[in-house]
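Right, one structure below, let's go through it.
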There are 2 protein chains.
Amino acid sequence: MLIRVDPGSGVAIYDQIAASVRAAAARGALRPGERLPAARELADALDINIHTVLRAYQDLRDEGLVDLRRGRGAVVTEAASRGAPILEAVRALVAEARNEGVGAQTLISLIREEYPA
Amino acid sequence: MLIRVDPGSGVAIYDQIAASVRAAAARGALRPGERLPAARELADALDINIHTVLRAYQDLRDEGLVDLRRGRGAVVTEAASRGAPILEAVRALVAEARNEGVGAQTLISLIREEYPA
DNA sequence: TCAGTTGTAATAGTGAAACTAGAACAATAG
DNA sequence: CTATTGTTCTAGTTTCACTATTACAACTGA
């Protein structure tokens with residue numbers, strides 16, 4: 001399964017689902033035009049409520065990464081593939097951070113502080 | 001004040017405090033050996049509860065970024081300054097991401113997925 | 001030694017948010 | 001026309017952030 005979830009990770013389940021999709025699209029495992037699993041189907045597979053899945057899908061729609069249509073499902077947009085070019089840069093940065101002994105929390109905090117500016 | 005907080009930002013207050021400290025240490029605004037404001041003092045200044053501040057300080061301690069001692073306060077460690085060397089790389093990555101139309105959520109999702117591996 | 005400062009811990013209450021549950025409905029596909 | 005799939009609504013439970021208060025223990029500095 002492309003999408004996995006860890007209930008006790010501290011991160012909200014709908015956020016983990018959305019993050020899985022963002023990352024999968026960035027690395028090309030999900031391509032524009034492809035469909036995500038139907039919400040009911042994914043909820044069943046992960047043994048969670050359909051509303052939790054829908055919340056994730058709606059967040060992704062708000063970010064412009066998927067189109068949602070009744071009867072059709074959640075379709076990956078072109079925008080979702082834009083992450084691909086920066087994947088290598090991300091991997092390099094993470095490697096450097098780990099090398100310096102910089103934790104994930106610090107790295108994420110730095111990104112959050114730099115992004116809006 | 002070095003540490004600011006936005007109650008309606010969606011991010012937990014204790015997380016915003018911890019993030020402020022991580023970032024401040026990375027850019028050298030907080031140096032190893034320096035003391036953070038006393039928990040009661042900061043709680044007063046930000047008009048929040050002392051426990052909320054302590055939660056942030058304890059998270060930072062768990063990450064090894066500060067030492068906590070009664071009577072002495074929260075002292076920044078050497079580890080907290082390790083973020084400095086990667087600051088430029090972070091800025092470059094963020095600039096590239098913005099340029100490609102990649103949102104903050106996607107960037108953070110990618111980092112989270114790449115980090116543990 | 002002693003008083004003041006500071007983090008630690010325990011208990012408890014409030015409010016918001018995540019998650020679940022079930023049902024009915026509307027748009028699309030085939 | 002039927003099955004599929006997202007949308008909406010109501011509602012209940014649970015978890016967690018946050019607040020509040022009190023007492024305590026370790027350390028500092030005079």
Side-chain angles (χ1 to χ4, degrees), chain A residues 2-21 30 33-77 80 105 109 112, chain B residues 2-21 30 33-77 80 105 109 112:
Chain A
L2 198 61
I3 299 170
R4 288 209 199 84
V5 146
D6 173 13
S9 79
V11 180
I13 296 176
Y14 71 82
D15 237 328
Q16 296 182 50
I17 295 174
S20 289
V21 174
L30 271 177
E34 273 192 74
R35 262 189 47 181
L36 301 186
R40 285 172 179 80
E41 185 186 328
L42 183 57
D44 250 34
L46 300 179
D47 200 36
I48 58 180
N49 194 274
I50 182 180
H51 293 298
T52 305
V53 176
L54 262 314
R55 166 72 189 270
Y57 283 10
Q58 283 153 9
D59 282 359
L60 290 169
R61 180 193 52 193
D62 292 348
E63 295 168 25
L65 306 188
V66 302
D67 282 327
L68 289 184
R69 304 275 285 272
R70 312 184 207 200
R72 187 190 304 178
V75 180
V76 178
T77 67
Q105 290 310 312
S109 294
R112 267 201 232 280
Chain B
L2 198 64
I3 299 171
R4 287 208 199 82
V5 146
D6 173 13
S9 79
V11 180
I13 297 175
Y14 70 81
D15 238 328
Q16 296 182 49
I17 295 173
S20 289
V21 174
L30 270 178
E34 273 191 74
R35 260 189 50 180
L36 300 186
R40 283 171 179 82
E41 184 185 330
L42 183 57
D44 251 34
L46 300 179
D47 200 35
I48 58 179
N49 193 274
I50 183 182
H51 292 298
T52 305
V53 176
L54 263 315
R55 167 69 189 270
Y57 283 10
Q58 281 154 9
D59 281 359
L60 291 168
R61 179 193 53 191
D62 292 348
E63 295 168 24
L65 306 188
V66 302
D67 281 327
L68 289 184
R69 305 276 285 272
R70 312 185 207 199
R72 187 189 305 177
V75 180
V76 178
T77 66
Q105 289 310 312
S109 294
R112 268 201 232 277

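Computation of the quantities below employed the complete heavy-atom set of this structure, encompassing side-chain atoms and omitting hydrogens, waters and symmetry-equivalent molecules. Remember, it's a predicted structure, so these values are computed and weren't measured experimentally. By convention in this document, chain letters (A, B, ...) are assigned in the order of the sequence lines, proteins followed by strands, and residues within each chain are numbered from 1.
For the pair A:Leu68 CG and C:dA26 C1', the computed distance is 15 Å after rounding to whole Å. Taking atom CD1 on A:Ile17 and atom C1' on C:dC19, their separation rounds to 11 Å, with Å as the unit. If you take CG of A:Asp44 and P of C:dA21, they are 11 Å apart, rounded to a whole angstrom. The CG atom of A:Leu60 sits 12 Å away from the P atom of D:dT7 (whole-angstrom rounding). Rounded to an integer number of Å, the gap from A:Leu36 CG to D:dT4 P is 19 Å. Straight-line distance from the CG atom of A:Leu54 to the P atom of C:dA21: 15 Å, rounded to whole Å. If you measure from atom CG of A:Leu42 to atom C1' of D:dT4, you get 16 Å, rounded to the nearest angstrom. In this entry the distance linking CD1 of B:Ile13 with P of C:dT14 reads 19 Å, nearest Å.
Picking from D:dC18, C:dA18, D:dA26 the nucleotide with the shortest atom distance to the side chain of B:Arg70 gives D:dA26. Closest to the side chain of B:Tyr14, out of C:dT8, D:dC18, D:dG6, is D:dC18. Side-chain proximity of A:Thr52 to the nucleotides D:dT19, C:dC19, D:dT7 is greatest for C:dC19. In the set D:dT19, D:dG6, C:dG7, D:dT19 carries the atom at the smallest distance from any side-chain atom of B:Asn49.
Among the heavy atoms of the strands, none lies under 4.0 Å from B:Ile50. Within the 4.0 angstrom heavy-atom criterion, only backbone atoms of the sugar-phosphate kind lie near B:Gln58; the bases stay farther away.
Between A:Arg69 and C:dA29 there is no side-chain polar atom (N or O) within less than 4.0 angstrom of OP1 or OP2. Checking the phosphate oxygens (OP1, OP2) of D:dT5, a side-chain nitrogen or oxygen of A:Arg35 falls inside 4.0 Å. B:Arg55 has no side-chain polar atom (N or O) that falls below the 4.0 Å cut-off from OP1 or OP2 of D:dC18.
Note that CZ of B:Arg69 is 12.0 Å distant from CZ of B:Arg61, once rounded to the nearest 0.5 Å. Separating the CZ atom in B:Arg112 from the OG atom in A:Ser9 is a distance of 8.5 Å, to the nearest 0.5 Å. Atoms CG and CD, on B:Leu60 and A:Gln105 in that order, are 10.0 Å from each other to the nearest 0.5 Å.
DNA chain C is contacted by both A:Ile48 and B:Arg61; B:Arg61 maps to the nucleotide lying nearer its 5′ end (nearest heavy atom per residue).
For a distance-only test at 3.5 Å, the side chain of B:Arg72 fails to qualify as a donor-acceptor partner of the base of C:dG7. Donor-acceptor pairing under 3.5 Å, judged by distance alone, is present between the side chain of A:His51 and the base of C:dA21.
When the options B:Val21, B:Val53, B:Leu68 are evaluated for a side-chain contact (heavy atoms from CB on, under 4.5 Å) with B:Leu36, the one that passes is B:Val21.
One finds no salt bridge joining A:Asp44 and A:Arg40 here, because no Lys/Arg side-chain nitrogen approaches an Asp/Glu carboxylate oxygen to under 4.0 Å.
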